[in-house]
Every structure is written in C-alpha cells, then in structure tokens.
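Inspection log for the structure reproduced underneath, given as structure tokens.
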Amino acid sequence: MTRPLFIFEMANNHMGDTAHGVALIQAMHAACTGFDEFDFAFKLQYRDLDSFIHPSFKGRDDVKYVKRFEETRLSTAQFQTLIDAMRECGFKTMCTPFDEKSVDLIEAQNIEIIKIASCSLTDWPLLERIAQNDKPIVASTAGATPEEVDNVASFFLHRNKQLTLMHCVAEYPTPDAHLHIARIDALRRRYPGVRIGFSTHEAPQRIEPVMLALAKGATAFEKHVGLPTEKYALNAYSANPEQVRAWLEAARLAQTMCGSEAWPAATPDETASLESLRRAVFLSRDVAAGETLGEADVSFAFPPVPGQISANQWSKYNRFTARQPLVAGAPLLAAQVDAVNQRAWVLAAVTAVRQLLAAGNIVVPGQSELEISHHYGMERFAEYGLIMMTVVNREYCKKLIAMLPGQTHPEQYHEKKEETFVILHGRMTIWLDGAAIEAGRGDVITVHRGVRHKFHSAEGVVFEEISSTHHANDSFYTDPAINANPQRKTLLTHWLS
C-alpha cells in the first residue's frame with residue numbers, strides 16, 4: 001500500500017528571507033513529528049525572474065504577482081540553504097518550475113520530485129523539458145478539462161514517467177461548495193494505476209476536506225504553509241504549524257476510520273451482538289433421527305439460545321439432517337444435526353452449464369428459470385442429474401436441458417405430458433422402455449405419455465424439449481427413493497450474469 005504523502009508548499013512564504021524560510025521548515029518538521037505512518041515533502045517554487053518576467057513589466061507595482069515575485073526573490077545559494085534545511089529535517093525535496101531554466105536548476109540541485117502547477121498543466125514547452133528527466137512528477141489539474149488532463153497523462157505515461165495527478169481548485173481560499181472532492185473518484189476511475197492526490201486551498205483551519213479526500217482514495221495531499229511572526233503575516237489560505245498538526249491529526253483519524261479494504265472477520269463482540277438479535281430455528285414437529293428437515297418442519301422466532309441454529313443459517317443451500325430424535329417446540333441446536341452446504345456445488349453446476357451452452361453457441365433468454373435436478377443429492381450430481389432451463393410453459397412448453405459429461409438421468413415417465421427432444425449440441429443415449437437409442441446433433445426423438453425413459457451423456461449434451469404443458473407432479477421415477485425425496489431440485493432465476 002502507498003504511504004500517504006503530505007506536501008508542504010512554501011511558495012513565496014519564505015518572504016525573501018532565508019532565515020525565515022529555514023525557521024518555517026523547522027517549525028513544520030516539529031508539527032509533523034510523530035506521524036510515522038506518513039511521508040513528507042517540502043516544496044519550493046522556481047522562476048528565473050530575469051527571463052520569466054517580460055522586460056516591459058519589470059519593476060512595476062501595479063501587477064500583483066510581478067511585485068510579489070520580485071520582492072521575495074532568492075538567489076540560487078539562498079534556495080540551496082532552504083534545500084539543505086529540508087534534507088536535515090528529513091523531508092523529501094520538491095519544486096515547481098515555471099520555466100525551462102528552473103528545470104535546469106532543479107536538476108543541478110538534485111531535487112527529488114517535480115511539481116507542475118495547474119496554470120502550467122498544458123504549457124507544452126515546459127512539459128517537454130520536464131519529460132527529459134526521470135524524476136517523479138506531480139501535476140495539479142485545477143481548471144483543466146478532462147481532455148486536457150487526458151493529453152497530459154498520456155504524454156507522461158507513454159514516456160514511462162511516475163505520475164501523480166492532484167485534484168485541485170484554484171480559488172484562494174476555496175469555498176466549501178467549490179471543493180468538489182468527489183472528483184477524486186472520477187480521477188481514480190479515469191486513470192487506474194495513477195496515484196491521485198488532493199491539492200487543498202480551503203481555509204487553513206478546516207480539517208474536513210482532508211478526511212473526505214483520504215476516504216475517497218487520495219494518497220497525496222498538498223497545503224500551503226507559513227510561519228506568522230510580528231514581521232510576516234499569513235495569507236488566507238496558508239496554514240500555521242498548529243493548523244498543520246490538526247490537519248495531520250484529521251488525516252490520521254480518517255485513515256483509522258477508513259481501515260483496510262480487506263473484508264475483516266467480525267470481532268467476537270460484534271459476532272455476539274449480532275447473534276443475540278437474530279431469529280433462530282425452532283422445531284414445529286417431532287423429528288426422527290436421520291430425517292432431513294424442511295421448511296414445514298421449523299419456525300423462526302426470537303430470542304435464540306446458545307448453540308442454536310439461526311434463521312441466517314437456514315437457506316435453500318443448507319441441508320440439516322437430525323442426528324437424534326428431536327421434539328416439537330424445542331430449539332434446533334447445531335450439535336443435534338449434520339449440516340451440508342451445497343452452495344459451492346450449485347455454483348460449480350451453474351458454471352459448467354454456462355460453459356456447455358457457450359460451447360454449443362446456444363442462446364438462452366435472460367429470464368429463463370434454471371432447475372438443477374439432483375435426484376440423489378448434490379453430492380452425487382456428477383453421476384445423476386441434469387440442468388433444465390424453462391423458456392415458456394403454457395399450453396405448450398419449451399425447455400433447454402443440459403447434461404454434463406458422465407451424467408445419467410434416472411428412469412421416469414409422465415402421465416400427462418408428451419415430449420419431443422431435439423439434440424442441439426453433443427451426444428447422448430436415451431432408453432425408451434429399456435431400448436437404447438444413440439442421438440446426436442440434429443436428431444429428433446418423441447417420448448409418448450407413459451413411456452419410461454432415461455438418459456446418459458458421456459461427453460455432455462444440450463437438447464431442446466418441446467412438449468405439452470409441464471405439470472409439477474407429473475414425473476414418476478421407477479426408483480421409489482427419488483419420488484420420496486422432496487428436496488431433489490434447486491431453482492435459480494438470476495444465474496446468467
């Protein structure tokens with residue numbers, strides 16, 4: 001798992017005063033002490049002011065940023081002092097270049113990470129220069145269209161660059177209604193495999209946005225920081241050391257609350273609490289040893305007693321067979337029954353029939369009900385059984401029947417229904433009143449009322465059954481044990497997807 005990276009953006013908050021910049025770095029180091037689960041970077045901004053500002057604008061006080069940049073100018077040596085302080089405090093070094101000469105300086109000073117500001121996201125001459133090195137790249141996306149972000153992401157990813165995309169809003173400070181933290185979801189979906197972060201400009205005392213961003217899956221977080229003194233005041237979007245520590249505490253709390261994406265087992269307290277509130281199974285009649293319990297044999301009521309089977313454990317996939325005589329009205333205890341869960345067998349059967357249908361290029365209508373016939377139980381389904389899909393059952397009936405390789409369908413007959421089978425895929429042997437017939441794709445076989453018939457397929461088969469109306473109690477097996485088994489079918493409706 002990627003450790004969250006917290007980026008402290010100094011920008012021009014060094015105020016053109018190297019000693020103040022060093023003090024700011026040291027104060028932020030103290031603020032993040034103890035957060036060992038996070039990584040930290042400190043970021044500068046580089047502009048080669050002699051070429052960055054057009055000559056006609058140099059020295060002017062009426063252009064806000066020109067005045068700000070010129071008043072806070074630092075030399076290369078002064079910036080190196082700040083970088084040395086960052087490294088002494090254990091910070092990763094990071095810098096935003098706004099021109100190509102600044103990239104040269106980043107490389108000369110061996111700064112570890114390059115940041116692309118939102119205003120430079122599509123500055124292609126600058127991006128081409130940045131792409132000439134192998135440093136990790138972090139890019140903010142404020143104001144960009146999805147197509148512009150696509151183009152930038154493709155540009156760097158096709159060059160095998162390590163890229164982080166930051167959701168960002170370029171309003172200083174950003175109103176709550178303009179944060180759009182849900183855009184982190186969109187970035188994660190649109191750029192799988194790319195690290196997604198949040199470059200934050202909300203009021204510095206606000207801690208909720210970082211919690212929401214972390215919960216959305218952001219793993220990099222950037223905030224403007226400053227150190228207020230009698231000489232230097234902070235702007236409306238830069239955080240002081242105390243606010244930074246509160247910001248980190250909020251991120252830590254959000255990380256704890258979010259926990260792991262793994263699906264943890266319930267804690268003992270959680271399990272006990274849930275079990276105490278569940279309905280449980282009570283016997284509706286006396287049950288003999290060896291009987292398999294059905295819906296008519298039980299009821300569900302509250303409260304449960306220790307060791308009792310809950311309603312949550314009772315499903316069409318679970319079979320409970322009494323180990324001993326059971327008394328009506330008593331709770332059904334797990335120790336009194338043998339339990340078999342058939343879900344894995346049912347899933348395997350559904351998977352196998354999907355594969356058989358695909359092999360035969362056979363289309364099944366989406367709402368066709370699927371019936372798994374397991375005459376001697378799912379544990380013997382590989383030997384005895386079939387899978388039937390009912391397409392329509394009116395005065396006429398159409399079904400698709402699939403048998404897996406090696407399966408036999410036991411002998412039966414019908415009193416009301418007449419059937420015609422059309423083999424669609426594979427081969428089978430069908431016995432009519434004991435006489436064997438080999439049938440393959442395209443063969444048509446009619447079974448009249450009262451005729452005993454059974455099937456076997458060595459390689460697997462799918463055939464169409466066209467018949468008069470199907471009646472639920474019109475299948476009579478010559479093995480009386482099958483007729484006596486009321487739980488020989490499992491029905492599924494949503495099985496195709």
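Residues: numbered from 1 along the sequence shown.
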Taking atom types as modelled, find out whether [X] and [Y] have a side-chain donor-acceptor pair closer than 3.5 angstrom.
X	Y	result
T292	T321	yes
R245	Q243	no
R195	T219	yes
N151	E147	no
E112	T93	yes
Q109	Y46	yes
Y232	D17	yes
Q26	E88	no
D48	S102	no

(request) Let me see the working for K101 and D99 under salt bridge (Lys or Arg N to Asp or Glu O under 4.0 Å), right down to the final yes or no. (result) CA-CA 6 Å; K101 287 187 177 180; D99 50 65; over 6 Å; no
(message) Looking at every heavy atom in both M389 and L357, which two are closest together, and how far apart are they?
(response)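 Minimum heavy-atom separation between M389 and L357: SD-CD1, 4.0 Å.
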(request) Kindly determine whether D50 and R73 satisfy salt bridge (Lys or Arg N to Asp or Glu O under 4.0 Å), including the steps that lead there. (result) CA-CA 11 Å; D50 293 334; R73 179 192 289 261; 3.5 Å; yes
(message) I need the full list of salt bridge (Lys or Arg N to Asp or Glu O under 4.0 Å) pairs touching residues 125-137, with sequence neighbours left out, sorted by first then second residue.
(response)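 Counting only pairs at least two positions apart or across chains, the salt bridge (Lys or Arg N to Asp or Glu O under 4.0 Å) contacts touching residues 125-137 are D104-R129, E107-R129, D134-K161.
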(message) Within the supplied structure, the quantity of interest is the number of heavy atoms (other residues, nucleotides, ligands) at a distance under 6.0 Å from E37 CD; does it exceed 12?
(response)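 Yes, because the 6.0 Å sphere around CD of E37 holds more than 12 heavy atoms from other groups.
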